[in-house]
Amino acid sequence: MTFTEAGTARPSLTDPEPYLPEPRGAVSQFLFDSLVQPPHSLGPAPASTDDALLGDDAALALYLCYELHYRGWAGVDATWEWEPSLLALRRSLEDRFIQALFHVVGPPAPCTDVEGYLVDLLGRGSGPSLSGYLRDTGTIDQFREFAVHRSAYQLKEADPHSWALPRLSGPPKAALVAIQCDEYGRGDSFDMHSSLFAETLLALDLDPDYGAYLGHVPAVTLTTVNLISLLGLHRRWRGALVGHLAIFEMASVGPNTAYGHGLRRLGMSPEATRFYDVHVTADAVHQVLARETLAGGLARAEPAISGDIAFGARAIMATEERFSRHLLGAWGAERSSLYRPLPQ
Ligand SMILES: [Fe+2]
Ligand SMILES: [Fe+2]
C-alpha cells in the first residue's frame with residue numbers, strides 16, 4: 001500500500017507474484033504438483049475430460065500455464081515458462097479450447113466488411129444485460145462479487161493485447177499503441193487502468209493484490225481471460241486478438257457508464273467509480289480507433305486474416321454472454337456467483 005499527498009490509500013504497484021490457486025481436478029492437480037518442483041520433463045498428464053470452456057479443471061489448468069507468461073507464480077521456477085513438455089500439455093488444452101470455441105461460434109470464415117461486421121455483431125447484443133442489472137438493482141455484495149470476477153483480467157488489463165504490437169505494422173500498430181498508451185496511464189503508473197481497478201477493489205473493501213481471488217472465480221470467468229491469453233500468445237491468432245480488442249473497446253462506454261451509476265446509487269466513493277468513469281471517456285475515443293484504424297486497417301492490410309478478426313469478435317461476445325448469464329443466473333437464484341464465495 002502507498003499513500004498520496006492527500007493521505008489517500010492507494011494500492012501497491014509492486015504486487016508480489018500470485019500464489020498458486022487450489023487445484024480443481026486431475027489436470028490442474030497434476031500441474032500444481034509439478035510446478036512446485038524444480039523444472040523437469042513432465043510425464044504423461046491425465047486426460048482432460050472437462051468441458052473445455054466451462055469445466056473448472058480445464059479452465060484452471062490452462063490459466064496455470066498462461067500465468068507463467070505474465071508474472072508467474074510465487075515459489076514456481078521461472079524456467080517452467082518454456083519447458084517443452086509443459087508447452088505440449090498447454091497445446092493439448094488449447095486445442096480442446098479452440099475446438100470448443102469453433103463449436104460455439106463457428107470457425108473463421110471470410111469477411112469482406114470487417115467494420116460493418118463488428119457493428120452488426122454488437123448491435124445483435126450478447127444476452128441479458130449484466131450492466132443494466134448492476135446499474136438498477138445490484139446490491140453492494142453483488143458488485144463486490146462482480147469486481148472479484150473481473151479482477152482476474154482487470155489487474156492485468158491491456159497486457160495480453162500488447163502482445164499484438166510486434167506483430168502489426170503501419171496504421172493498425174500506431175492505433176494499438178495509442179490505445180495502449182491510455183490503458184497504461186500515459187506514463188503515470190497510478191493512472192494505469194489496472195491501478196484504477198485496484199483502487200475500485202480497495203474501495204469495495206476487497207484485496208487489490210494481483211491474483212488474490214483466483215481461488216474464488218469460476219471457469220466461466222477464467223475462460224474470459226484464457227481466451228485473451230491464447231489469442232495474445234499466438235501470432236497465428238493476431239487477427240482474432242485485434243477483433244477481440246475492437247469489441248472490447250466498442251462495447252465499453254454503455255456498460256461502464258452503468259457500472260458507475262450503479263456504484264453511485266449505492267453511495268460509493270469517487271475512488272470506487274473512477275475506473276469506470278475513466279473508461280467512459282477513454283473508450284469513446286478508443287472504440288473509433290479500434291474499429292476503423294486497428295481492425296478495419298488490419299483487414300485492409302491483410303485481407304487474408306479478416307475472418308480471424310471476425311472470429312475473435314464472436315469469441316469475446318460468446319464468452320461474455322456466458323459470463324453474464326452465469327452471474328445473473330446465480331444472483332437470480334439467490335446464491336453466490338463465485339466458485340468459492342467471499343467470507344461474509
Ligand atoms: Fe482500460
Ligand atoms: Fe480502452
Side-chain angles (χ1 to χ4, degrees), residues 11 15-24 28 31-32 50 52-74 76 90 93-94 97 130-131 134 142-163 183 192-202 204 206-233 241 244-245 248 252 255-256 259 275-276 279 315-316 318-327 330 336-342:
D15 291 337
E17 297 156 331
Y19 290 100
L20 283 166
E22 289 286 314
R24 298 183 188 179
S28 55
L31 271 168
F32 184 100
D50 253 2
L53 296 179
L54 294 176
D56 275 298
D57 188 38
L60 184 61
L62 200 47
Y63 199 99
L64 291 175
C65 294
Y66 284 147
E67 190 57 39
L68 295 169
H69 299 285
Y70 292 98
R71 304 222 191 154
W73 298 106
V76 171
R90 194 189 93 189
L93 294 166
E94 288 177 326
F97 187 96
L130 179 61
S131 59
L134 283 169
Q142 289 167 344
F143 257 108
R144 293 178 83 237
E145 285 201 358
F146 173 64
V148 164
H149 284 285
R150 288 305 198 196
S151 69
Y153 173 67
Q154 279 164 341
L155 292 176
K156 60 169 63 131
E157 181 158 331
D159 290 346
H161 293 121
S162 295
W163 279 320
E183 302 294 337
M192 292 193 296
H193 291 184
S194 53
S195 305
L196 300 182
F197 192 72
E199 273 194 86
T200 295
L201 290 169
L202 269 180
L204 289 168
L206 292 165
D207 188 339
D209 280 350
Y210 184 96
Y213 291 110
L214 290 177
H216 291 267
V217 297
V220 73
T221 306
L222 295 173
T223 288
T224 62
V225 189
N226 285 340
L227 172 66
I228 324 178
S229 300
L230 188 155
L231 301 181
L233 282 165
L241 183 65
H244 181 285
L245 179 58
F248 203 91
S252 170
N256 281 309
Y259 299 135
F275 172 85
Y276 303 105
H279 278 88
I316 182 177
T319 50
E320 287 297 318
E321 177 177 348
R322 284 163 178 233
F323 175 80
S324 297
R325 284 191 193 283
H326 172 79
L327 269 66
S336 169
S337 63
L338 295 170
Y339 176 78
R340 185 152 53 88
L342 296 172

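Here the structure is a predicted model, which is why all the values come from computation and not from measurement.
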Query raised in the report: Is a side-chain donor or acceptor of Thr319 paired with a backbone partner of Ala315 at a separation under 3.5 angstrom?
Result: yes
Report task. Might you work through the side-chain contact (heavy atoms from CB on, under 4.5 Å) test for Tyr153 and Thr224, ending with a clear yes or no? Result -> CA-CA 8 Å; Tyr153 173 67; Thr224 62; 5.5 Å; no
Report task. Answer yes or no: is there an ion pair linking Arg150 with Glu320, defined by an N-O contact shorter than 4.0 Å? Result -> yes
Query raised in the report: Considering all heavy atoms of both residues, which atom of Phe97 and which atom of Leu62 are nearest to each other, and what is their separation?
Result: CD1-CD2, 3.8 Å
Query raised in the report: Does Ser337 use its side chain to pair, donor to acceptor, with the backbone of Ala330 at less than 3.5 Å?
Result: no
Query - Heavy-atom pair with the smallest gap, counting every atom of Glu17 and Gly72 - result: CB-O, 4.0 Å
Report summary line: Residues Ser151 and Phe197: closest non-hydrogen pair is CA-CE2, 3.6 Å
Requested in this report: Output the distance between atom CG (Leu93) and atom CG (Leu230), rounded to the nearest 0.5 Å.
Outcome: 10.5 Å
Query raised in the report: Is Arg24 positioned over the aromatic face of Tyr339, cation under 6.0 angstrom from the ring centre and no more than 45 degrees off axis?
Result: yes
Report task. Mind checking the CZ-NE2 spacing from Phe248 to His161? Nearest 0.5 Å is all I need. Result -> 6.5 Å
Report summary line: Applying ring pair (Phe, Tyr, Trp, His ring centres under 6.0 Å) to Tyr259 and not counting sequence neighbours gives Phe146, Tyr276
Query raised in the report: Closest heavy-atom contact between Leu241 and Pro160?
Result: CD2-O, 3.8 Å
Query raised in the report: Got Lys156 and Tyr210 here, is their nearest side-chain heavy-atom distance under 4.5 Å?
Result: yes
Report summary line: Correct closest heavy-atom pair for Pro18 and Gly211 would be CB-CA, 4.0 Å
Query raised in the report: Out of curiosity, Ile316 CD1 to Ile228 CD1, how far, rounded to the nearest 0.5 Å?
Result: 6.5 Å
Query - Within-4.5 Å side-chain heavy-atom neighbours: Pro208 and Leu155 - result: no
**Report entry** All ring pair (Phe, Tyr, Trp, His ring centres under 6.0 Å) counterparts of Trp163, not counting sequence neighbours
**Finding:** Tyr70
Report summary line: When rounded to the nearest 0.5 Å, the distance separating CG of Leu227 from OG1 of Thr223 is 8.5 Å
Query - Leu214 vs Trp73 side-chain heavy atoms within contact, under 4.5 Å - result: yes
Report summary line: On a heavy-atom basis, the closest approach of Leu338 and Pro218 is CA-CD, 4.3 Å
Query raised in the report: Do Val76 and Leu68 have side chains that get closer than 4.5 Å, going by heavy atoms?
Result: yes
**Report entry** For Phe323, ring pair (Phe, Tyr, Trp, His ring centres under 6.0 Å) partners two or more places apart
**Finding:** His149
Query raised in the report: Is a side-chain N or O of Asp50 found less than 3.5 angstrom from the main chain of Ala59, in a donor-acceptor match?
Result: no
Query - Non-hydrogen side-chain atoms of Asp56 and Leu60 separated by less than 4.5 Å - result: no
Query raised in the report: Would a 4.5 Å heavy-atom cut-off, applied to side chains only, mark Val217 and Val148 as touching?
Result: yes
Query raised in the report: Given side chains that start at C-beta, do those of Leu233 and Arg90 come closer than 4.5 Å, heavy atoms only?
Result: yes
Report summary line: Applying side-chain hydrogen bond (donor to acceptor under 3.5 Å, both in side chains) to His279 and not counting sequence neighbours gives Glu157, His193
Requested in this report: Drop me the distance from Cys65's SG to Asn226's CG, to the nearest 0.5 angstrom.
Outcome: 9.0 Å
Query raised in the report: Quick one: does Leu342's side chain get under 4.5 Å of Leu206's, heavy atoms only?
Result: yes
Query raised in the report: With sequence neighbours left out, what residues match Arg144 under salt bridge (Lys or Arg N to Asp or Glu O under 4.0 Å)?
Result: none
**Report entry** Sequence-distant partners of Arg340, salt bridge (Lys or Arg N to Asp or Glu O under 4.0 Å), two or more places apart
**Finding:** none
Query raised in the report: Does the pair Arg71/Glu67 count as a salt bridge with the N-to-O cut at 4.0 Å?
Result: no
Report summary line: CD (Glu145) and CD (Gln142) are apart, to the nearest 0.5 Å, by 7.5 Å
Requested in this report: Step by step, work out the side-chain contact (heavy atoms from CB on, under 4.5 Å) result for Val220 and Leu54.
Outcome: CA-CA 6 Å; Val220 73; Leu54 294 176; 3.9 Å; yes
Query raised in the report: So Leu20 and Leu64, side-chain contact (heavy atoms from CB on, under 4.5 Å) or not? Walk me through it.
Result: CA-CA 8 Å; Leu20 283 166; Leu64 291 175; 3.7 Å; yes
